[in-house]
J.: 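Have a look at this one.
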Amino acid sequence: MKVFINGFGRIGRTILRQVLQADHGSGIEVAGINDIASLETCAYLFRYDSVFGPYPGTVTQTEGALCVDGMGLPFSRSNDLRTLDLSDIDVVLECSGVANTHAIAERGLTAGARNVLISGPSDAADRTVVLGANEGEMGDHRILSNASCTTNAIAPLLKAIDGQFGLTRGHITTIHCYTGSQPTVDAPGPSMERSRAAAVSMIPTSTSAASQIARVLSGIDERLSVSAVRVPAISVSAIDAVLQLATPVEGSITDRLSEMFGGSGIIGLTNDPCVSTDLRARVESLILSLRETEMIGATQVRLFGWYDNEWGFSARMIEMAQLMTNRPG
């Protein structure tokens with residue numbers, strides 16, 4: 001499978017790390033990278049990463065190529081993919097953050113690629129798909145959205161809980177690390193709260209997860225509310241969910257969760273007394289903390305789970321690209 005990374009920011013660089021370092025790299029060729037930033041800057045940011053640490057191999061550059069471990073990856077600086085020849089590309093991993101219209105999203109197809117996968121919520125996508133929740137609805141759509149990191153954490157959990165016990169109603173708070181959308185010092189932003197310095201305060205804010213859940217799991221959104229608090233942490237986020245179940249839980253809830261998710265590559269489990277940094281570079285979409293799980297009566301459950309909003313999400317991008325490539329026809 002040949003992929004092309006358009007946008008070499010946090011997700012684009014993390015995807016490349018996983019392809020080169022992790023099991024996800026089997027059978028995947030990164031055939032090119034495109035970003036409007038200079039090659040020198042992109043090579044530097046790939047080599048030295050404030051979250052995941054320095055890349056363990058060699059990172060250099062030559063004219064028109066990012067060289068990693070002696071392998072040259074073609075590098076372009078186009079602000080319009082239609083100027084490139086992508087006829088041998090199976091999936092454009094659209095990580096630029098600007099594919100917010102169909103006209104922009106389909107540029108990869110116009111350039112010759114067979115599929116485009118957008119690394120975030122996008123109205124431009126033909127469909128929003130989350131692994132573990134609604135991948136069966138992918139169909140033959142060629143422009144897909146991989147939703148958000150929080151939606152990837154929540155949707156598979158809700159689908160499983162609703163299928164096992166029935167979900168009557170619930171509320172989920174995502175405790176999310178700060179991101180590049182927030183200012184480092186107080187500055188005008190999309191809301192009063194989001195105008196405040198990211199690394200200083202806990203900041204209540206909105207999240208796209210609620211609307212994304214409606215696209216991924218129709219009907220569940222009507223029984224659910226979702227809120228968010230941005231916190232002064234550079235990586236790894238969490239969800240805190242209180243769910244009212246239709247069917248009483250018989251026996252131990254942790255035993256039931258272990259039966260449901262044991263061996264899952266999407267939802268992991270831990271019984272260790274973890275803090276957020278302990279979950280850095282975990283590939284699952286969500287890691288439930290069994291020690292934080294609590295039943296209130298027989299039908300109300302509190303669930304707490306961690307997710308590396310960059311590493312786990314990037315792993316799903318790679319797996320979704322593989323699914324898109326391997327579809328019949």
Side-chain angles (χ1 to χ4, degrees), residues 9-11 50-51 97 100 119-123 128 130 133 145-158 161 167-217 220-244 267 274-280 282 284-289 291-294 296 300-313:
R10 293 303 308 159
I11 299 303
S50 299
V51 175
N100 49 17
S119 69
S122 176
D123 292 334
T128 298
V130 170
S145 162
N146 201 49
S148 67
C149 55
T150 302
T151 309
N152 273 264
I154 292 175
L157 175 67
L158 292 179
I161 293 293
L167 176 63
T168 302
R169 67 182 68 88
H171 176 78
I172 298 178
T173 301
T174 172
I175 307 159
H176 203 291
C177 64
Y178 61 80
T179 71
S181 66
Q182 296 172 259
T184 54
V185 297
D186 291 358
S191 69
M192 296 297 186
E193 298 90 343
R194 289 285 285 270
S195 300
R196 306 299 297 278
V200 176
S201 299
M202 293 185 289
I203 300 174
T205 186
S206 59
T207 172
S208 65
S211 61
Q212 293 294 297
I213 290 294
R215 295 184 178 190
V216 174
L217 297 174
I220 283 185
D221 60 298
E222 300 170 1
R223 295 169 264 160
L224 187 75
S225 58
V226 185
S227 60
V229 179
R230 294 289 180 97
V231 296
I234 196 171
S235 74
V236 183
S237 301
I239 63 163
D240 197 333
V242 177
L243 306 176
Q244 187 70 36
I267 297 181
C274 293
V275 297
S276 59
T277 54
D278 300 326
L279 285 302
R280 191 170 293 173
R282 287 285 293 262
E284 300 96 329
S285 296
L286 180 70
I287 303 96
L288 285 174
S289 175
R291 65 189 296 116
E292 295 287 338
T293 302
E294 182 180 4
I296 305 95
Q300 185 169 296
V301 63
R302 185 252 181 167
L303 300 172
F304 184 91
W306 305 99
Y307 61 108
D308 187 321
N309 44 284
E310 293 179 343
W311 199 268
F313 182 81

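Worth saying up front: this structure is predicted, and the values here are computed from it rather than measured.
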J.: Report yes if the side chains of E310 and C149 come closer than 4.5 Å at any heavy-atom pair, otherwise no.
T.: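 No - every pair of side-chain heavy atoms lies 4.5 Å or more apart.
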
J.: Is the closest side-chain donor-acceptor distance between Y307 and T150 under 3.5 Å?
T.: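 T150 and Y307 do have a side-chain donor-acceptor pair below 3.5 Å.
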
J.: List the atom of M192, the atom of R196, and the distance in Å for their closest heavy-atom pair.
T.: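 It is O-CG, 3.8 Å.
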
J.: Just by distance, do the side chain of S195 and the backbone of P188 share a donor-acceptor pair under 3.5 Å?
T.: no

J.: So does I287 get a backbone contact from the side chain of R282, meaning a donor-acceptor N/O pair under 3.5 Å?
T.: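 Judged by distance alone, no pair lies under 3.5 Å.
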
J.: Decide yes or no on side-chain contact (heavy atoms from CB on, under 4.5 Å) for L243 and L167, but give the supporting numbers first.
T.: CA-CA 7 Å; L243 306 176; L167 176 63; 3.8 Å; yes

J.: Taking the side chain as C-beta and beyond, is there a heavy-atom pair between R280 and I234 under 4.5 Å?
T.: yes

J.: Heavy atoms only: give me the nearest N309-S237 pair and the separation to one decimal.
T.: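 Heavy-atom minimum between the residues: OD1-OG, 3.0 Å.
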
J.: Rounded to the nearest 0.5 Å, how far apart are CZ of R169 and CD of Q300?
T.: 9.0 Å

J.: List the atom of F304, the atom of A238, and the distance in Å for their closest heavy-atom pair.
T.: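 What the structure gives for the nearest pair is CZ-CB, 3.7 Å.
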
J.: Without hydrogens or angle criteria, can the side chains of T179 and S181 be said to hold a donor-acceptor pair below 3.5 Å?
T.: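 Yes, because at least one side-chain N or O of T179 sits under 3.5 Å from a partner of the opposite role on S181.
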
J.: Compare all side-chain heavy atoms of F313 with those of S119 and state whether any distance is below 4.5 angstrom.
T.: yes

J.: Is the shortest side-chain heavy-atom distance between C177 and V236 below 4.5 Å?
T.: no

J.: Distance-only, no hydrogens or angles: does the T174 side chain make a donor-acceptor pair with backbone N or O of I239 under 3.5 Å?
T.: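 The answer is no, because no donor-acceptor pair under 3.5 Å joins these two groups.
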
J.: Return the set of residues passing salt bridge (Lys or Arg N to Asp or Glu O under 4.0 Å) with D240 (not counting sequence neighbours), or none when no residue passes.
T.: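 Residues passing salt bridge (Lys or Arg N to Asp or Glu O under 4.0 Å) with D240: R302.
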
J.: Of all the heavy-atom pairs spanning I172 and A241, show the shortest one and how long it is.
T.: CG1-CB, 3.6 Å

J.: Looking at every heavy atom in both E284 and I267, which two are closest together, and how far apart are they?
T.: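 That closest heavy-atom pairing would be CG-C, 4.4 Å.
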
J.: Test side-chain contact (heavy atoms from CB on, under 4.5 Å) on T128 and T151 and set out the steps.
T.: CA-CA 10 Å; T128 298; T151 309; 6.0 Å; no

J.: Table please: side-chain donor-acceptor pairs of residues 197-214 below 3.5 Å, with sequence neighbours left out.
T.:
| from | atom 1 | to | atom 2 | distance (Å) |
| --- | --- | --- | --- | --- |
| T205 | OG1 | R194 | NH1 | 3.1 |
| T207 | OG1 | A209 | N | 3.1 |
| S211 | OG | S208 | O | 2.9 |

J.: Just wondering, do L279 and C274 contact through their side chains at under 4.5 Å, heavy atoms?
T.: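 Side-chain contact under 4.5 Å: yes.
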
